[in-house]
Amino acid sequence: MFTQITKGIKVSVQTTFEGTFFKNYKMHYAFGYTVTIENQSKDSVQLTARHWDIFDALKETEAVDGEGVIGKKPVIKPGKSHTYSSGCLLASPIGAMQGYYHMVNLTSSEEFEVDIPTFKFAAPFAVN
């Protein structure tokens with residue numbers, strides 16, 4: 001598990017290898033990840049947007065920006081957490097992701113970024 005805390009917001013990520021498949025005559029590697037965002041601060045926060053940098057050993061780094069996570073902009077109260085799962089397709093059996101969430105402190109209206117730790121993808125057969 002990969003974990004990082006920024007301004008009282010703890011982000012933990014667990015990854016899984018989902019398998020391989022052919023698409024457009026090329027092999028693709030499917031990975032899943034589950035993110036838990038825990039509010040360890042004293043104020044309620046809302047996740048409004050995300051930024052990902054996706055590293056693939058066989059391709060250029062790809063940047064992805066979007067609103068919320070999986071169609072939601074969760075409000076996370078102090079002591080509570082929000083968990084979601086998503087996935088990533090790579091051209092290589094080895095890669096990684098990192099990024100940040102854009103958050104708003106609902107008490108002070110302060111906007112801030114919460115770092116997402118770099119987490120790695122590796123198909124079991126690609127690891128020594």
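Residue numbers start at 1 and run along the sequence shown. No hydrogens, no waters, no symmetry mates; every other heavy atom, side chains included, goes into these values.
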When rounded to the nearest 0.5 Å, the distance separating OG1 of T20 from CG of L90 is 12.5 Å
Does I9 share a hydrophobic cluster with V69, counting links as ILVMFWY side-chain heavy atoms below 4.5 Å and allowing steps through other members? yes
For V11 and V35: C-alpha separation, side-chain torsions, deciding distance, then whether side chain to side chain contact (heavy atoms under 4.5 Å, CB included) applies. CA-CA 7 Å; V11 178; V35 179; 3.9 Å; yes
Show me the pairs that pass ring pair (Phe, Tyr, Trp, His ring centres under 6.0 Å) and involve residues 59-113, at least two apart or across chains. H51-Y100
For S41 and P78, which heavy atoms make the closest approach, and how far apart are they? O-CB, 3.3 Å
Checking Y33 now: which residues fulfil ring pair (Phe, Tyr, Trp, His ring centres under 6.0 Å) with it, not counting sequence neighbours? W52, F119
If you take all heavy atoms of A30 and F21, which pair is closest and at what distance? CB-CE2, 4.4 Å
Sorted by chain and residue number, the side-chain hydrogen bond (donor to acceptor under 3.5 Å, both in side chains) partners of T48 (sequence neighbours excluded) come out as none
Can I70 be reached from V64 by stepping across I, L, V, M, F, W or Y side chains whose heavy atoms are under 4.5 Å apart? yes
Can you tell me which residue pairs pass the salt bridge (Lys or Arg N to Asp or Glu O under 4.0 Å) test with a partner in residues 37-65, sequence neighbours excluded? none
Test side chain to side chain contact (heavy atoms under 4.5 Å, CB included) applied to F55 and K120, step by step: CA-CA 9 Å; F55 306 99; K120 298 176 183 177; over 6 Å; no
With sequence neighbours excluded, residues passing ring pair (Phe, Tyr, Trp, His ring centres under 6.0 Å) with F2: none
Apply side chain to side chain contact (heavy atoms under 4.5 Å, CB included) to the pair N39 and M103, showing each step before the final yes or no. CA-CA 11 Å; N39 185 354; M103 299 261 191; over 6 Å; no
Cluster question for you: counting only ILVMFWY and a side-chain heavy-atom cut-off of under 4.5 Å, with indirect links fine, are F22 and Y29 together? yes
Apart from L58 itself, residues in the same hydrophobic cluster as defined by side-chain heavy atoms under 4.5 Å: none
May I ask whether F121 and M1 are part of the same hydrophobic cluster, defined by side-chain heavy atoms of I, L, V, M, F, W, Y residues being less than 4.5 angstrom apart, directly or through others? no
Check: T107 main-chain N/O paired with N105 side-chain donor or acceptor under 3.5 Å: yes
So, using side-chain hydrogen bond (donor to acceptor under 3.5 Å, both in side chains) as the criterion, who are the partners of K7 when residues are at least two apart? E110
Taking only residues two or more places apart in sequence, or in another chain, which ones meet K73 in a salt bridge (charged side-chain N to carboxylate O under 4.0 Å, His left out)? E67
My understanding is that a hydrophobic cluster links ILVMFWY residues whose side chain heavy atoms are under 4.5 Å apart, including indirect links. Using that, what else belongs to the cluster containing L106? V75, V104
Can you list everything that forms a side-chain hydrogen bond (donor to acceptor under 3.5 Å, both in side chains) with S92? Sequence neighbours excluded, please. none
I need the I5 CD1 to K10 NZ distance, nearest 0.5 Å. 6.0 Å
Residues P117 and V13: closest non-hydrogen pair is CG-CG2, 4.4 Å
Applying side-chain hydrogen bond (donor to acceptor under 3.5 Å, both in side chains), name anything that partners T34, two or more places apart in sequence or on another chain. S85
Under the salt bridge (Lys or Arg N to Asp or Glu O under 4.0 Å) rule, what pairs show up with a residue in residues 18-27, not counting sequence neighbours? none
Once you round to the nearest 0.5 Å, how far does CD of E111 lie from CD of Q46? 10.5 Å
